[in-house]
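Data first, discussion second: the structure below is written as structure tokens.
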Amino acid sequence: MSFLTELPIDLAELVAEVTAPEHGGIATFLGTVRNHHGGRGVLRLEYSAYIPMAEAECARIAAEAAARWSVAVALRHRIGRLEVGDAAVAIAVASAHRDEAFVGCRYAIEEVKRRVPIWKQEFYSDGTVAWVDPTRGEESGIAEGAGHGGWARG
Amino acid sequence: MSFLTELPIDLAELVAEVTAPEHGGIATFLGTVRNHHGGRGVLRLEYSAYIPMAEAECARIAAEAAARWSVAVALRHRIGRLEVGDAAVAIAVASAHRDEAFVGCRYAIEEVKRRVPIWKQEFYSDGTVAWVDPTRGEESGIAEGAGHGGWARG
Amino acid sequence: MSSPTTPSVSVRVLLFASYAERLGREVLELTLPTPATVGQVLREVRALPGGERLPARPLCALNLSHVGPDTPVSGGDEIAILPPLAGG
Amino acid sequence: MSSPTTPSVSVRVLLFASYAERLGREVLELTLPTPATVGQVLREVRALPGGERLPARPLCALNLSHVGPDTPVSGGDEIAILPPLAGG
């Protein structure tokens, strides 16, 4: 099972992967492409990855959560071109009780954002393109995008 | 839209209800019927409700979460006969950012358990039946079940 | 204001789940002297056959909202006595 | 133990996303005197045309794991220089 996929993500499939008769709670998180970022309209985006490391890092995150909270974890991140509303990442965490499911799910998405080598190019309604840098905050993100007009496509 | 239903719950339907282009994160919780409780095997269960109050209480919970965290909330609780693995409750909470989605989802499930007038009868593999009383803990739950043999069916 | 010609109120009481089993009924009509409270309704119900098997302070609802025992009741009110909730 | 006949190591360096654009390439082979570290690899890359546009301390990975600049590198290692992560 790959953690990265170029195909649309089906949350029900992830839920099915972690469903088991001994589990009472399944927490999920679905990250979708928003139509705005830093005050600008987003038309679509492109995710790219350092694929073998991203796969390894996702596997480590899933294993860590599974071991720490005795949960079952399913995790998928989409790469390639995505449109507004598409699911970029989905996580499903099942456990006997809901506490562990929620905490494990939250852990997984935070670690995905913190550790998995994936990058995102946003294509804006004003015709510009920018690499998203979450470490700089949304305002700086705008500045970087604006300051690198050379990256604009189309 | 009713919050209570006798039909199987489809998580994808709830996710679709809260999906919007301005939302970036959707947290969901799915509570399913476990095959065990308090050390005993569970075969199936029956949920009953004070329906008009349960509907009103679910509406209040959804409205509270929506107002407090600027989230969109979908909530469904199944009543009637459920088998092991069936979804008893599902909640989907969408927001521009994931923090609010997680917190709103957690709030909603906790409040459903705390406030919504729904009751659950568990049918065990040893042939006994018990009304579940979460206020007494799992061990006491066993004692109550064992002490009311008169409730056993079949 | 309560009129001198209506010294009592009639209310509808609902019982559910294990409480309905303990009293052998799901609904009853009660008439109480005014002014009446939810706590007085409870005392009346606990005086019925099987009512002694209800806890002294169960969860109660008045017209679809959770309330405490001191809440006043009016004619036509619907009072529900709720066993421990087990939804979710 | 490093043998006296191998005073240098060859490593593969990967660049991604905005960093690949800044240097105009996604992969390069570097040979460094031993003992070498990830930080030395970084200094070599920052000396290349466009390399001055990399930050002084970017995220780095060695053989698919995050590492700090003091981590030693061996022949055949794969070092990746990672722009700010934006997954999720």
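Lettering follows sequence order; numbering is per chain, from 1.
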| request: Looking only at non-hydrogen atoms, find the nearest pair between Thr32(A) and Gly25(B) and report the distance. | output: OG1-N, 4.3 Å
Under 4.5 Å from any heavy atom of chain A - which part of [X]:
X        : result
Asp99(B) : both
Ala27(B) : both
Val89(B) : neither
Val84(B) : side chain

| field | Proximity breakdown for Ile91(A) and chain B, heavy-atom pairs closer than 4.5 Å | value | neither
| message | Does any backbone or side-chain atom of Val93(A) lie under 4.5 Å from a heavy atom of chain B? Answer side chain, backbone, both or neither. | response |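 When you check distances to chain B, no heavy atom of Val93(A) falls under 4.5 Å.
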| request: Could you have a look at His23(A), Arg106(A), Glu22(A) and say which one has the most heavy-atom pairs with chain B under 4.5 angstrom? | output: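 Winner by heavy-atom pair count: Arg106(A).
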Calculate, to the nearest 0.5 Å, the distance between atoms [atom1] and [atom2] belonging to [X] and [Y] respectively.
X        : Y        : atom1 : atom2 : answer
Thr28(A) : Ile26(B) : OG1   : CD1   : 8.5 Å
Leu11(B) : Leu14(A) : CG    : CG    : 11.0 Å
Ser95(B) : Arg34(A) : OG    : CZ    : 9.0 Å

| query | Are the aromatic ring centres of Phe102(A) and Phe29(B) under 6.0 angstrom apart? | reply |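 Ring-ring flag for Phe102(A)/Phe29(B): true, centres closer than 6.0 Å.
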| Of the listed residues (Ala90(B), Cys105(B), Ala20(B)), which shares the most heavy-atom pairs with chain A below a 4.5 Å separation? | Cys105(B)
